[in-house]
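The next block holds one structure in the form of structure tokens; read it before the comments.
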Amino acid sequence: MDTLTAPSERTYGLYLRPGKSRFYFKNGDCGVTLTPERINWTADGRDDGAPFANIRSVQMESGGAAKNATNACVITFADRYTLTVTDANAYGAADGKQTPAYRAFVQDLHQRLIATGAATTIAFTSGYHATRYYVVMTCAIVLGIMAVPLPLMLWLMTGESKALFLMIGGGWRCGR
């Protein structure tokens, strides 16, 4: 694709989370369209969109299960509104079926940002935000303490073999 000219309009059947993250059992917000000058989406039954010039940052994230991670492209606009486009299915799980469309969307978005000149004013980042990273690390440490040292202390204090089996199971699970 020539990066000097913007391509025609393309719609991607990817699930998205507009604005602040919210809990859902099944995500009904699906479909994002890239035009030569704008990104458009439909959320909660309402059409929305913004010109590429209003994008301030694009952050690439992945997470979840190590062998089957979900990917997300978090787009932040000038008014601090965020749009998260993901390769997860309607239930928020990675199944691999959306990944090719997600990769095509990310590449197309970046090419359009370059073609329109908007890329020069956008912050491109990857990985978790610092707060989310520290929350995940804290939870991992707490889980590690619950899985091994806590059952060990219970076994030493009570002499119950059940606590020893908990420790062995926890250690085996953490080691995987």
Only residue of V32, D47, D48 satisfying side-chain contact (heavy atoms from CB on, under 4.5 Å) with T42 is D47
Before you tell me yes or no, could you show the steps for H110 and F124 under side-chain contact (heavy atoms from CB on, under 4.5 Å), namely the whole-Å CA-CA distance, both residues' side-chain angles and the distance that decides it to 0.1 Å?
CA-CA 10 Å; H110 283 76; F124 293 94; 3.7 Å; yes
Quick one: do W41 and F77 satisfy ring-ring contact (aromatic ring centres under 6.0 Å, His included)? Show the steps, please.
CA-CA 14 Å; W41 62 92; F77 298 94; 5.7 Å; yes
What are the two closest non-hydrogen atoms of A94 and A69, and how far apart are they?
CB-O, 3.6 Å
Does E61 form a side-chain contact (heavy atoms from CB on, under 4.5 Å) with N71? I'd like the steps, not just the answer.
CA-CA 6 Å; E61 295 181 358; N71 300 296; over 6 Å; no
Atom of N40, atom of A50 and distance for their closest heavy-atom approach
OD1-N, 4.3 Å
Just wondering, do I39 and L83 contact through their side chains at under 4.5 Å, heavy atoms?
yes
Write down the atom of I75, the atom of F105, and the distance for their closest heavy-atom approach.
CD1-CZ, 4.3 Å
Got a second to check how far Q111's CD is from L34's CG, nearest 0.5 Å?
10.5 Å
Would you compute the distance between atom CG of D95 and atom CG of D87 and round it to the nearest 0.5 angstrom?
8.5 Å
Could you walk me through whether T125 and S57 satisfy the side-chain contact (heavy atoms from CB on, under 4.5 Å) test, starting with their C-alpha distance in whole Å, then the side-chain angles of each, then the deciding distance to 0.1 Å, before giving a yes or no?
CA-CA 8 Å; T125 57; S57 71; 5.7 Å; no
Strictly distance-based, threshold 3.5 Å: is any side-chain N or O of T70 a donor or acceptor partner for the main-chain N or O of A93?
no
Nearest heavy-atom pair of L16 and C30: which atoms, and what distance?
CD2-C, 4.4 Å
With the threshold set at 4.0 Å, does a side-chain nitrogen-carboxylate oxygen contact exist between R10 and D108?
yes
Heavy-atom closest pair, residues P51 and R38
CD-NH1, 3.5 Å
Kindly compute the distance separating OH (Y81) from OG1 (T76), expressed to the nearest 0.5 Å.
11.5 Å
Donor-acceptor pair, N27 side chain versus R17 backbone, under 3.5 Å?
no
Output the distance between atom OH (Y12) and atom CD (Q98), rounded to the nearest 0.5 Å.
13.0 Å
Report the distance from atom CD1 of I122 to atom CG of L109, rounding to the nearest 0.5 Å.
7.5 Å
Minimum heavy-atom distance between T84 and A72, given as atom pair plus value
CG2-CB, 3.8 Å
With rounding to the nearest 0.5 Å, note down the distance linking CG in L143 to OG1 in T138.
12.5 Å
Begin with the C-alpha distance, continue with both residues' side-chain angles, and end with the deciding distance and a verdict on side-chain contact (heavy atoms from CB on, under 4.5 Å) for D44 and D29.
CA-CA 7 Å; D44 298 325; D29 298 331; 4.0 Å; yes
Within-4.5 Å side-chain heavy-atom neighbours: P36 and R112
yes
Between N89 and Y91 (side chain of the first, backbone of the second, donor and acceptor by atom type, cut-off under 3.5 Å), is there such a pair?
yes
Are the side chains of V106 and M60 in touch, meaning some heavy atoms are under 4.5 Å apart?
yes
Are L14 and L113 connected, step by step, through hydrophobic side chains (Ile, Leu, Val, Met, Phe, Trp, Tyr) whose heavy atoms are closer than 4.5 Å?
yes
